[in-house]
Each structure stands twice: as C-alpha cells, then as structure tokens.
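To start, the structure itself, in structure tokens.
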Amino acid sequence: MGLKEKLIRKGKYIWELPKETIEGQRVPVILYLSDALFELLEEDALRQAANAATLPGVEKAIYVMPDVHVGYGFPVGGVMATNTETGIISPGSIGYDINCGVRLIATNLKAVDVAPRIKEIMNNMLKNVPAGVGSTSEIKLSKSQMKEVLVKGAGWAVEHGFGFPEDLQHIEGFGALPNADPEKASHEAYERGSDELGTVGSGNHFVEVQAVEQIYEPEIAEKLGIWEGQVMVMVHSGSRGFGHQVCTDYLRVALKVRDKYKIKLPDPQLACMPFNSPEGQAYFKAMNAAANYAFANRQILGFKAANTVRKTLGISWEEFGYRLIYDHAHNIGKVEKHEVDGKKVEVIVHRKGATRAFPPYNPEVPPAYREVGQPVIIPGDMGRASFLLVGQTNSMKMSFGTACHGAGRVMSRRQAKKYVKEVGLEKVIGNLVVVARGKGTIMEEIPQAYKDVTEVVRVIDELGIAKAVARLKPLGTLKG
DNA sequence: ATGTAC
C-alpha cells in the first residue's frame with residue numbers, strides 16, 4: 001500500500017498524511033490539492049515530503065503546494081521549517097538552483113502598440129540577452145568583483161548601471177541577503193560564476209514580454225499600478241552554475257558529517273547538517289551568497305530585457321515607464337519567526353519551488369505594498385498564462401507564509417519532445433513568438449508538459465494563502 | 001536546475 005492511500009481528506013483542498021505514518025515521522029505532511037491535482041500527485045513526491053518530516057527539529061508540518069512534483073530529495077513545491085537551535089539545514093530541500101526566482105517589470109506601454117513589433121523585439125532579445133546551457137556573459141568578473149556581487153546582490157548591478165536605485169526597494173530582502181560570506185564558496189563556484197552573470201540559463205528559465213490580460217482585483221491592481229492591456233517584462237532565472245556548485249559542494253559536506261552528528265537519513269539526497277554547526281553555518285552563508293548572485297543576475301537580465309524593448313521601439317525611459325513591481329526567490333532558505341503551538345519560534349524555512357507570500361502589514365512587505373500584501377509572481381509555462389498575486393493572512397497559519405511557484409511538470413522532457421514530433425511544433429505553441437538558440441529547449445518546455453497553472457493558482461487563491469490580482473499572457477518568449 | 005554523467 002502506497003502512502004497516497006493513507007492520505008486523509010481534511011477539506012476541499014486539504015489533505016494530511018498523519019505524523020508517524022512512516023517510521024520516525026515527527027510531524028504531519030499537509031498537502032494543498034484540488035481533485036484534479038490530487039490525481040497528478042506522484043507517490044514518490046509524497047514519500048519525499050514524508051521523509052523530510054523525519055529530520056531533526058522539523059516544526060509543525062511539511063507543507064506541499066499544488067504544483068508539487070518529485071525533486072532531488074525533497075519535492076519541488078515543498079515547504080519545511082526547522083528550528084534554528086535544534087534543527088538541521090538541508091541543501092537538497094532548498095534546491096540546486098539557489099534563489100531561482102522571478103522578476104516582474106511594469107511599463108507604460110500598451111500591448112496593442114507593442115504586439116505588431118514583437119518579432120523584431122524578440123530577435124533583438126536573442127542578440128542582447130545570453131540564454132542557453134553554458135552561455136556566457138560579456139561581464140567578466142575577477143575574484144574580488146565576484147565577492148562584491150555575492151555581498152551586494154542586486155545593488156552591485158544597480159551600481160554598475162543595470163537598473164535604478166528604486167528597484168532595490170521592490171526585491172525580497174532588498175536584493176541583498178545578510179549572512180552571505182563569499183569565503184564559504186569554493187574555487188569551482190567562483191570559476192563557474194565569473195562569466196555567467198546576466199545570463200538566462202536553460203530549462204524553464206526565460207525572459208518574456210507579456211500583456212496584462214485580465215484584472216481580478218481592480219482596487220489592488222490600481223495600488224500596484226497595473227491595468228488591462230499593459231505591457232510587462234518577466235524574468236525567470238537563478239544563480240546559474242555558481243549556485244549549482246554551492247549545492248553540490250555542501251551536499252558532499254553534509255554526507256561527510258552525517259555520522260559525526262548522528263543524523264538518521266531516510267534518503268541520502270536529504271543529507272543535512274545541524275543549522276547551529278560550523279558546517280551548517282558555512283552552507284547557510286554560501287547559500288546566501290548564491291542568492292545574492294541570483295538577485296544580481298535578475299537585476300541585469302531585467303534591465304537588459306527592458307532596454308531591448310525600449311531601444312527597439314526607439315523611445316526614452318520616461319516613455320517606457322520602467323517600474324519594478326517585485327522580484328522574489330522560489331528556491332531558498334530564510335530565517336524567520338513563525339507561530340507554532342501558540343509560541344513564536346525561530347525557524348529556517350526551506351522553500352523549494354515555493355514562494356514567500358507575506359500578508360498585508362508584515363514588516364518585510366515594502367511600504368508601497370503594505371496594505372495589499374507582498375506581490376507573488378507565478379510564472380506560467382511557455383505560452384500559457386502567468387499570474388500576479390498578493391500574500392494573504394492564511395499563508396502565515398497554513399504554510400509558514402508561503403505560496404506556490406508555477407505549474408510543475410507532468411510530462412518528462414523526453415515525452416515532451418516525442419509529443420512535439422508527433423503533433424508538430426506550430427500546432428503546439430500556436431501564435432506565440434518564441435526565440436531560442438536551439439529547438440530542443442522549446443520542445444521540452446511546451447505548455448502541454450506542465451500542469452495547468454490556472455488550477456494551481458485557483459487552489460492557492462481559494463485557500464486564502466494569496467489572492468490572484470491579474471493574469472498575464474505572453475507576447476514573446478526568449479528561452480535557453 | 002546543471003560545463004544535462006566525475
């Protein structure tokens with residue numbers, strides 16, 4: 001009998017795997033799924049969440065978002081909070097792509113004016129924005145410049161002419177997380193990171209020109225300065241080879257110290273270290289450095305993408321109306337205080353394929369958004385909708401202040417390619433303008449390979465974790 | 001996600 005049969009329905013969209021279902025399981029696993037998404041839940045993803053619930057110092061529950069799928073050790077769409085005094089930190093539960101995240105830039109432009117020129121815009125995007133596996137940047141960083149990037153994050157990019165000082169007010173952690181120590185990253189990480197700053201990467205990463213297709217909450221939309229027919233620029237990328245190397249290095253460290261700290265691992269991919277140990281702290285500081293690299297990366301990418309649109313149209317920045325709505329991580333570990341059994345507890349919240357979604361009046365929400373809540377950007381798969389939400393109060397009670405992150409795969413890359421070859425690419429992606437170095441990524445990233453992001457967002461919205469404000473549709477996409 | 005297997 002699989003674990004899926006042992007799930008107990010607690011509500012329309014709430015399922016629970018009670019604690020002690022598997023040996024050593026300290027806390028329940030709570031899943032947020034509609035009937036349709038429940039059908040797509042993989043046994044292995046549930047098993048990974050249950051495994052994590054056995055780790056030392058895990059608090060309250062492991063939460064699983066509606067876009068869940070199997071990941072390395074811990075599912076994508078998983079949330080785990082561990083006590084900072086008694087708990088562990090787990091690199092696999094944050095993910096290989098540290099601070100993979102999303103950025104949304106608003107403009108004053110109308111989609112009706114931009115759409116006729118989208119091919120020209122996207123062809124310039126392909127020339128100006130490096131994308132694809134192993135692509136490199138024209139920015140070459142010395143070791144000392146790298147160290148600055150790892151501490152200053154997006155601020156470093158602004159200092160070097162990529163974007164505007166106001167941007168920093170609208171980034172999670174102001175684009176530079178504290179506790180970043182460049183000395184805790186390896187030589188290999190530096191090597192890989194030195195020529196990848198300002199590059200998109202591959203897989204589901206993209207730079208997209210979008211239009212606001214529908215507003216669900218007019219009052220909130222007005223406060224955020226968004227309107228139907230408005231052109232937006234969205235960036236989805238992370239810390240590239242640098243973050244990947246940090247994860248690789250510290251997974252190795254974690255396996256090495258597993259006996260020293262007597263940690264019982266149900267799966268070696270969950271290798272972890274006590275948060276309050278030299279090894280745990282070293283990973284935490286290297287992870288924050290990688291997060292800052294990613295913030296700098298998206299700062300550069302967003303500015304370059306916006307500038308490409310602006311220059312193609314031959315307009316000034318004033319006419320363009322560049323304004324950063326928000327930028328946040330969806331693969332990260334954050335030290336936060338949360339209520340557990342009526343008491344405030346300091347935890348490290350592992351969010352893997354999961355987005356912070358703080359409610360209105362939380363001090364971490366920028367002043368401009370204080371009354372509406374933290375913007376939550378949910379990128380769709382290529383060709384389908386993306387969404388803008390705002391965090392709501394239930395997130396603090398239901399998921400350590402966390403919402404979903406996107407669609408989540410249902411078709412493997414191989415399956416997707418086969419499907420495209422059978423059906424034909426034109427039929428699969430319709431009128432969308434997609435540019436990429438090779439056709440491989442486009443075939444792997446077709447919308448049909450993903451769960452329906454609309455359904456995922458509906459669950460989060462109806463649970464009161466985050467409120468859907470607007471739907472965005474792609475006009476043109478740059479893939480890796 | 002990723003110098004797509006060290």
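Sequence lines set the chain letters: A, B, ... in the order given, protein chains first and strands last, and positions in each chain run from 1.
- Sorted by first then second residue, the salt bridge (charged side-chain N to carboxylate O under 4.0 Å, His left out) pairs that include residues 64-78 of chain A, not counting sequence neighbours, number zero.
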Taking only nitrogen or oxygen atoms into account, show me every contact under 3.5 Å that the protein makes with nucleotides 2-4 of chain B, one pair per line with its distance.
unit_1: B:dT2; atom_1: OP1; unit_2: A:Arg240; atom_2: NH1; d: 2.7
unit_1: B:dT2; atom_1: OP2; unit_2: A:Ser202; atom_2: N; d: 2.8
unit_1: B:dT2; atom_1: O4'; unit_2: A:His244; atom_2: NE2; d: 3.4
unit_1: B:dG3; atom_1: OP1; unit_2: A:Arg192; atom_2: NH2; d: 2.1
unit_1: B:dG3; atom_1: OP2; unit_2: A:Glu196; atom_2: OE2; d: 2.9
unit_1: B:dG3; atom_1: N1; unit_2: A:Arg192; atom_2: NH1; d: 3.3
unit_1: B:dG3; atom_1: N2; unit_2: A:Arg192; atom_2: NH1; d: 3.3

Sequence neighbours left out, cut at 3.5 Å: what donor-acceptor pairs do the side chains of residues 378-390 of chain A make with other protein atoms?
unit_1: A:Ser386; atom_1: OG; unit_2: A:Gln210; atom_2: NE2; d: 3.4
unit_1: A:Ser386; atom_1: OG; unit_2: A:Gly380; atom_2: N; d: 2.8

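- Applying the salt bridge (charged side-chain N to carboxylate O under 4.0 Å, His left out) rule to pairs touching residues 37-55 of chain A yields nothing, sequence neighbours excluded.
- Residue pairs meeting the side-chain hydrogen bond (donor to acceptor under 3.5 Å, both in side chains) criterion with at least one member in residues 415-434 of chain A, sequence neighbours excluded: A:Ser412-A:Gln415, A:Lys417-A:Glu444.
- Sorted by first then second residue, the salt bridge (charged side-chain N to carboxylate O under 4.0 Å, His left out) pairs that include residues 272-286 of chain A, not counting sequence neighbours, are A:Lys260-A:Glu279.
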